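Report on one structure; see the data block that follows.
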Amino acid sequence: MSAYRAVLIPGDGIGPEVIGAARRVIAATGVAVEWEEVEVGGTALGKHGDPLPGAALERIRECGVALKGPVATPVGKGFPSVNVALRRGLGLYANLRPVRSIPGVPSRYRDVDLVVIRENTEGLYVGIEREPRPGVVEAVRRITAAASLRIARFAFAYAARNGRRSVTVVHKANILKRSDGLFLDCARRVAAGYPGVEYRERIVDAACQDLVLDPSRHDVLLCPNLYGDIISDLAAGLVGGLGLVPAANLGDGVAVFEAVHGSAPDIAGRGIANPTALILAGAMLLAHLGEAEAGRALEAAVARVYREGRCLTPDVGGSSTTREFAEAVIAALGDT
Ligand code: ATP
């Protein structure tokens, strides 16, 4: 069988380390993937003077599938977020973040099984800030019916297809009556077409409390952009941390798989980053390519390494390296 083609973006900070691990374990599943490496982020900025060269975007669009390492974004200054520009440039309107407990990982809860679906193209991430007069800064938060309906349709179709029991829309329409009101209204319209999926609404602050007290109160969480970002990090914390949660950014004919975490400059280059999130993103990529069985085998191999508790990285209480963890996953794949 001929190899699948996919783009590989090493990214910044711990990106190259965790991408390297994910690439090795994907190869060990036996699914042949021919990777085309594309530079985005700090390396691209250094070489081409642009953190997101047009040619990189074009390569991803043409190929249709990418596995992406985290890309750093300067805080409070510097170039705009590459992650945001990439999502917008490729029309990756849906951000899908399944958050599941992995037995063996020290965490507050067992049996967490949540899915965060985040609108990926607008909200506060339109990045428009203006200073009408010195000392006053305003940020634009754009919500459109078109994008809200699109993400609601995605969420309900996902819930129905995957046998999920409910979709909870996370909002702040008590304060943001018109913008979050529109988001809610669009979700209600779509929900009406899915009588088999329970429709619920929860104000964002209350939703955070629910999740901390008892994550089983929710199932699929449908969120505008910023709430989705915050809720997914919170949910990652419930299952043991950012090193564990994968994400898919999906658009029409293009899909970019990545980790929820960032470039973690504090541990970059030390070989101790946890590659689990990117390995699980790799499993999602395999399923997307039509290799669901290989994806499941990869998830099972990761679960086995955690269950046995050997070869874990420091963030989850172990003392192994990124490479040792990846080798353990490869060995577990061989045993299944
Ligand atoms: P960025 O600016 O790229 O978002 P950041 O450091 O602000 O980077 P994260 O990269 O998400 O944000 O990291 C937050 C914390 O979680 C850091 O202390 C980091 O060390 C830890 N962390 C994130 N990802 C991992 C990982 N894969 N393995 C171990 N620790 C991680």
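Small disclaimer: the values here were computed from a predicted structure and weren't measured. Note that ligands are numbered from 1 as they come in the structure, with each ligand's atoms numbered from 1 the same way.
- Ring centroids of His288 and Phe257 are separated by less than 6.0 Å, placing the two rings close together.
- Of the heavy atoms in Ile267, only side-chain atoms (C-beta onward) come closer than 4.0 Å to ligand 1.
- Proximity of the aromatic rings of Tyr227 and Phe183 is defined here by a centroid distance below 6.0 angstrom, and this criterion is not met.
- Under 3.5 Å, the side chains of Arg88 and Thr121 contain no donor-acceptor pair of N or O atoms.
- The ligand atoms of ligand 1 that sit less than 4.0 angstrom from a heavy atom of Ile14 are 26 (C), 27 (N).
- Not a single ring-ring contact (aromatic ring centres under 6.0 Å, His included) links Tyr199 to another residue, sequence neighbours left out.
- Contact annotation for Ile272 and ligand 1: no heavy atom of the residue comes within less than 4.0 Å of the ligand.
- Taking a cut-off of under 4.0 Å to the non-hydrogen atoms of Gly243, the atoms of ligand 1 that pass are 26 (C), 27 (N).
- Using a non-hydrogen distance threshold of 4.0 Å, Val18 does not register as a contact of ligand 1.
- At least one N or O atom of Ala264 sits closer than 3.5 Å to an N or O atom of ligand 1.
- No more than 12 heavy atoms of other residues, nucleotides or ligands shown are found within 6.0 angstrom of CZ on Arg323.
- Residue Ser263 holds the heavy atom nearest to atom 3 (O) of ligand 1 of all those in Ser263, Ala273, Ala21.
- For the pair Pro265 and ligand 1, a heavy-atom separation below 4.0 Å is found.
- The side-chain hydrogen bond (donor to acceptor under 3.5 Å, both in side chains) test applied to Thr144 returns Glu122, not counting sequence neighbours.
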